[in-house]
Structures are given as structure tokens and as C-alpha cells.
Participant: 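Attaching a single structure in C-alpha cells format; questions to follow.
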Amino acid sequence: MTVAPDSGNAISGSAISARGLAIGYSHGAGALPVLDGVDLDVPAGGFLTILGPSGCGKSTLLRVVADLLAPLAGAITVLGGPPAQARARRDIGFVFQDSTLLPWRDVRGNIELPLLVGGGRRNRPEPMATDELLALLGLAGLAERMPDQLSGGQRQRVAIARALLSRPRILLMDEPFGALDEITRDRLNDEMLALWRRTGTTILFVTHSIAEAAYLGQQVLVLAAHPGRVQEIVDLRPLKDSDGRCDRDAPEIVAVAAHLRRLLAAGSAR
Ligand SMILES: Nc1ncnc2c1ncn2[C@@H]1O[C@H](COP(=O)(O)OP(=O)(O)OP(=O)(O)O)[C@@H](O)[C@H]1O
């Protein structure tokens, strides 16, 4: 396994760069590969959405970026260095589908949790002010609420605020809005785009929704299964305005969604 700061021909300015990446889980004496031959460049400040059939390795890919799992082979750099370096610098924030808020801490206490468990903050930017995060995520007025007094959408907002507290340069989001109704999800999608623009964070966002992937992504990474691989990286930047926005129902976006659907169908076939 190589994890080199200057690996291969990585595009400079890439927040995440992978070449020939093989990822999977150790299985007895050997390894169970999940994805192989992954080449990827996510520009700094980019927004990559990730689609693929269930079990193809979307979450596993995020785990490798976050340094929670070592690759089996190939090279990956995160912010120009090995993933472990980005992790040690707290450059990576993570939001999952089931955000685990501590039930005995109120909204403010949950957002500020990383300050308690954070350890030294040498060479780290000042954390964001909680009140600013509350305002940014539409949570002003809910600071003293307990998690069981929040809706699902509000809980996910708290989880995102908590992930943003230490100003990570990369935000990994694993189906964060998967359990929400469509209208709430649409609203949170718009809030995510505004947040992304405002903070300049590089975002990797796993979703099962083709519409969400097309609406949010500057690029959509489509993974296939059997064998697990990158099927296509669809570039939507030419179809979006300078704020990364588009009309969900515009014919060109609908056409991209249809293309993504065909890719997914082909990539799911055994
Ligand atoms: N800790 C683990 N040990 C061994 N195998 C695992 C582990 N976690 C996941 N896997 C396997 O790795 C493969 C990829 O899992 P992963 O969770 O990355 O898929 P996914 O694309 O995110 O799936 P979904 O869309 O259903 O969430 C699956 O076959 C899964 O069973």
C-alpha cells in the first residue's frame, strides 16, 4: 500500500486524490476487496455526490478518506498528505444518516461536544462560535432543546453543526438526509448548498437519491458492484450557476438524472 503526499499524477489543487485504489476488509489471512481501481480527483472546495447500488462500497470509500480504514492497495492523498495526517489535524468532519446526539445534552451541548473530547488544538483554527452555527443551520431558538424534543431534520442540522464546529476542510456525509421526507430533504439540500458556498468546505456526500445526487453534486461519482468499481464520474458543473445551483426540473438536469438511472441499473446487474 502506498499513501504518498506526491502520489502519481494527482491534479494539484485536489482535496482528495486517489490512484488505483483498492479498498475492502481483512478476512482471515486475506482480504475481502470491495472496490478496486478507483481513480478520483475531488477539487478543493468541490462537492462530490456518490451513488451506487447497496453494498457497492460507498461508506467504505468514505471510511478510507477519513482514515478509519487503510486501503488494500493504491494511493490516496487527502489535502496533499496521507489520510492520517488530515485526521490528526482534524481536517475531516463526518455526518451519518442516524446522527447520534447525546440524549442528556441539549442542542448547544451536543454541538459543542467536540470541544470536550477535542484534546489539543495546536495549529488548528479557532472553532466556530456555537451561536453562529445555530444561526447558520436554522437552529436559533432551539439551543436549549433536548434531542428528543427535535424533529428528524432538526437533529440532522445539529449533527451537521457539530461536524462544522472545528471548521473541517472536508465534510463526509453518509446518507445524512435518507430518513427525511422529501420536502424537508429539499429544504436541507438548499441549506447544504448555501453552507458549502459560504464555508468553502469540500464535501463528499453519499446518497441513494438520484435527484439529490444531481441537484447537489458538482460531480457525481457512480459506483458499480460485482465487481466494485468506478463506473463513471458525471460532471454537472457546466449545468450549474456560479453558486452551484440549478433548477431541479430543468430539462438538462432531468436528462442527467435519466443517465444516472441507466448507469445505476447497469452497475447493479450481476
Ligand atoms: N466492517 C466490515 N467488515 C467486513 N465487511 C464489511 C464491513 N463493513 C461493510 N462490509 C461489506 O463491504 C461491502 C460494502 O459495504 P458499504 O457499507 O461500504 O456499502 P454501501 O455502498 O455504503 O452500502 P449501502 O448503500 O447499503 O449503505 C458490503 O458487502 C458490506 O457487507
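Hydrogens, waters and symmetry mates are skipped; everything else that's a heavy atom, side chains included, is used. As the structure lists them, so they are numbered: ligands from 1, and atoms in each ligand from 1.
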Participant: Is the charged tip of R248 near the ring of Y215: under 6.0 Å from the six-membered ring centre and within 45° of its axis?
Facilitator: yes
Participant: Does D243 offer a backbone N or O that forms a donor-acceptor pair with the side chain of D241 under 3.5 Å?
Facilitator: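 Here the side-chain-to-backbone pair exists.
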Participant: Return a yes/no value for G52: is any of its N or O atoms, backbone included, closer than 3.5 angstrom to an N or O of ligand 1?
Facilitator: no
Participant: My question is simple, although I want it checked carefully: is atom 8 (N) of ligand 1 less than 4.0 angstrom from any protein heavy atom?
Facilitator: yes
Participant: Could you tell me the residue and atom name of the protein heavy atom closest to atom 15 (O) of ligand 1, and the distance to it rounded to 0.1 Å?
Facilitator: T60 OG1, 3.7 Å
Participant: Taking the side chain from W196 and the backbone from G45, do they hold a donor-acceptor pair closer than 3.5 Å?
Facilitator: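 Between the backbone of G45 and the side chain of W196 there is a qualifying donor-acceptor contact (under 3.5 Å).
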Participant: Is atom 30 (C) of ligand 1 in close reach of the protein, with a heavy atom under 4.0 Å away?
Facilitator: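 Flag for atom 30 (C) of ligand 1 set to false, no protein heavy atom closer than 4.0 Å.
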Participant: Specify the protein heavy atom at minimum distance from atom 17 (O) of ligand 1: its residue, its atom name, and the distance to 0.1 Å.
Facilitator: S59 CB, 3.7 Å
Participant: With heavy-atom distances below 4.0 Å as the criterion, list the atoms of ligand 1 near H208.
Facilitator: 24 (P), 25 (O)
Participant: Just wondering, are more than 12 heavy atoms of other shown residues or ligands nearer than 6.0 Å to CD in E132?
Facilitator: yes
Participant: So, 4.0 Å and heavy atoms of L32: is ligand 1 close enough to count as a contact?
Facilitator: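 Judged by the 4.0 Å heavy-atom criterion, L32 does not count as contacting ligand 1.
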Participant: Is it true that R63 lies under 4.0 Å from ligand 1, counting heavy atoms only?
Facilitator: yes
Participant: Less than 4.0 Å between a side-chain N and a carboxylate O, is that true for D41 and R19?
Facilitator: yes
Participant: Check this for me, if you would: do R245 and D190 make a salt bridge, where the nitrogen-to-carboxylate-oxygen distance has to be below 4.0 angstrom?
Facilitator: yes
Participant: Counting N and O atoms only, with roles assigned by atom type, does the side chain of T201 sit under 3.5 Å from a partner on the main chain of I203, one being a donor and the other an acceptor?
Facilitator: no
Participant: Could you find the nearest protein heavy atom to atom 27 (O) of ligand 1 and give me its residue, atom name and distance?
Facilitator: E175 OE2, 3.6 Å
Participant: I'd like to know if the side chain of K58 reaches the main chain of G52, judged simply by a donor and an acceptor atom lying under 3.5 Å from each other, with no hydrogens or angles considered.
Facilitator: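 Judged by distance alone, yes, a pair lies under 3.5 Å.
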Participant: Which protein non-hydrogen atom lies closest to atom 11 (C) of ligand 1, naming both residue and atom, and how far is it?
Facilitator: Y25 CE1, 4.0 Å
Participant: Does this structure show an ion pair linking R237 with D235, if we count only N-O contacts that are shorter than 4.0 Å?
Facilitator: yes
Participant: Could you check atom 14 (C) of ligand 1 against the protein and tell me its nearest heavy-atom contact, residue, atom and distance included?
Facilitator: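 The closest one turns out to be G55 O, 3.3 Å.
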Participant: Distance to 0.1 Å, residue and atom name: give those for the protein heavy atom nearest to atom 26 (O) of ligand 1.
Facilitator: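 The answer is S54 OG, 2.5 Å.
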Participant: Which protein non-hydrogen atom lies closest to atom 21 (O) of ligand 1, naming both residue and atom, and how far is it?
Facilitator: K58 NZ, 2.8 Å
